[in-house]
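Worksheet: the structure to be examined is printed underneath.
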Amino acid sequence: MPSLPSFDCGALIEALDAKRAQHELGWTALADELWAESADLNVRLADDCLCPGALVRHARHPKAMTCQYATIILRWLQRAPEDFLTGPTVAVGDTRLPDAGLDSRLRWDLPQLHAALNEYRSEHQLTWVALADSLDCKPSRLTNLRNARLADMDLAMRITQRLAEPAARFIHPAQW
């Protein structure tokens with residue numbers, strides 16, 4: 001199987017920091033602005049705010065990020081996850097993320113991603129072990145997507161690239 005690209009968290013954070021500086025926002029103000037994009041939902045859920053310290057930690061050590069956290073940043077940047085892939089990429093068509101209002105937050109539908117991956121696995125007569133090996137992860141990381149709420153962005157993007165599908169197919173505005 002062809003090699004897959006990686007999701008570059010560092011490049012995502014660099015883009016975030018550049019836009020933050022352009023808007024003359026400190027990290028706390030940025031966290032407030034990111035959180036305000038789902039203001040109505042946050043009130044309805046009585047959610048806690050987005051932690052500016054987490055943004056700073058990602059800026060200092062941009063190794064990995066959950067796909068749910070990354071979508072908050074991607075929404076503010078108005079960029080697609082595919083914009084931050086490094087290495088040989090698969091053309092997947094329209095990569096624009098769906099619109100989300102103040103009453104929603106963009107979320108990955110990980111069970112839907114699992115179902116598409118399982119269909120791919122069956123069509124190609126692969127075991128979970130063989131598929132995991134081709135995606136450079138443990139089989140449990142793939143099978144656990146069926147019930148997962150969180151996954152790392154790099155793995156999610158390797159999967160969408162293997163499926164030759166845009167990440168946006170698996171990202172939806174959620175209102176809980």
Side-chain angles (χ1 to χ4, degrees), residues 2-43 45 47-110 113 135-137 148-176:
S3 63
L4 296 171
S6 296
F7 184 79
D8 189 343
C9 286
L12 176 66
I13 293 299
E14 284 175 19
L16 177 70
D17 194 30
K19 186 172 178 180
R20 177 190 70 81
Q22 178 185 6
H23 288 258
E24 299 179 349
L25 296 171
W27 289 103
T28 300
L30 173 61
D32 291 345
E33 190 161 317
L34 292 172
W35 200 243
E37 289 198 324
S38 301
D40 295 350
L41 177 66
N42 298 335
V43 169
L45 296 177
D47 267 357
D48 294 327
C49 63
L50 188 66
C51 175
L55 291 171
V56 171
R57 281 190 298 281
H58 279 300
R60 290 185 181 145
H61 308 287
K63 298 252 185 233
M65 181 181 297
T66 67
C67 55
Q68 306 301 14
Y69 197 81
T71 57
I72 292 171
I73 295 170
L74 289 164
R75 177 182 178 180
W76 189 71
L77 292 174
Q78 298 179 326
R79 306 264 310 264
E82 287 82 1
D83 292 349
F84 299 96
L85 291 175
T86 60
T89 60
V90 174
V92 294
D94 186 6
T95 60
R96 286 176 297 167
L97 292 176
D99 292 330
L102 294 174
D103 63 341
S104 60
R105 194 174 298 146
L106 291 179
R107 297 285 293 183
W108 278 79
D109 186 333
L110 297 173
L113 183 63
L135 291 167
D136 194 28
C137 69
R149 293 189 56 186
L150 298 173
D152 77 80
M153 190 66 172
D154 188 49
L155 176 60
M157 292 306 296
R158 284 195 315 267
I159 292 170
T160 62
Q161 285 284 289
R162 176 56 38 98
L163 298 173
E165 294 283 351
R169 175 181 168 208
F170 304 99
I171 298 173
H172 310 284
Q175 298 176 333
W176 282 266

Atom pair [atom1]/[atom2] of [X] and [Y] - distance to nearest 0.5 Å:
| X | Y | atom1 | atom2 | answer |
| --- | --- | --- | --- | --- |
| C67 | I72 | SG | CD1 | 11.0 Å |
| L77 | T71 | CG | OG1 | 11.5 Å |
| I13 | F84 | CD1 | CZ | 9.5 Å |
| D83 | T95 | CG | OG1 | 6.0 Å |

Would you say [X] and [Y] make side-chain contact, with heavy atoms under 4.5 Å?
| X | Y | result |
| --- | --- | --- |
| L113 | L163 | yes |
| M65 | I73 | yes |
| L85 | M157 | yes |
| L97 | P81 | yes |
| P173 | D99 | no |
| L12 | F7 | yes |
| L74 | I171 | no |

Query raised in the report: With distance as the sole test, does S38 use its side chain to make a donor-acceptor pair with the main-chain N or O of S104 at under 3.5 Å?
Result: yes
Query raised in the report: Has the side chain of R79 got a donor or acceptor atom that lies under 3.5 Å from a matching backbone atom of A15?
Result: no
Looking at [X] and [Y], what are the two nearest heavy atoms and their distance?
| X | Y | answer |
| --- | --- | --- |
| L106 | A100 | CD2-CB, 3.8 Å |
| L150 | Q68 | CD2-CG, 3.6 Å |
| P88 | P5 | O-CD, 3.1 Å |
| A36 | L102 | O-CD2, 3.4 Å |
| T160 | A167 | CG2-CA, 4.0 Å |
| G26 | R20 | CA-NH1, 3.9 Å |

Query - Test side-chain contact (heavy atoms from CB on, under 4.5 Å) applied to R107 and H172, step by step - result: CA-CA 6 Å; R107 297 285 293 183; H172 310 284; over 6 Å; no
Query raised in the report: With E165, which residues qualify under salt bridge (Lys or Arg N to Asp or Glu O under 4.0 Å), at least two apart?
Result: R169
Report summary line: Residue set satisfying side chain to side chain donor-acceptor pair (under 3.5 Å) with D94, at least two apart, ordered chain then number -> R96
Requested in this report: Apply the test side-chain contact (heavy atoms from CB on, under 4.5 Å) to residues L30 and K19: give CA-CA distance (whole Å), side-chain angles for both, the deciding distance (0.1 Å), then the verdict.
Outcome: CA-CA 10 Å; L30 173 61; K19 186 172 178 180; over 6 Å; no
Query raised in the report: Between H23 and W76, how do the two ring planes meet: parallel, tilted or perpendicular, split at 30° and 60°?
Result: tilted
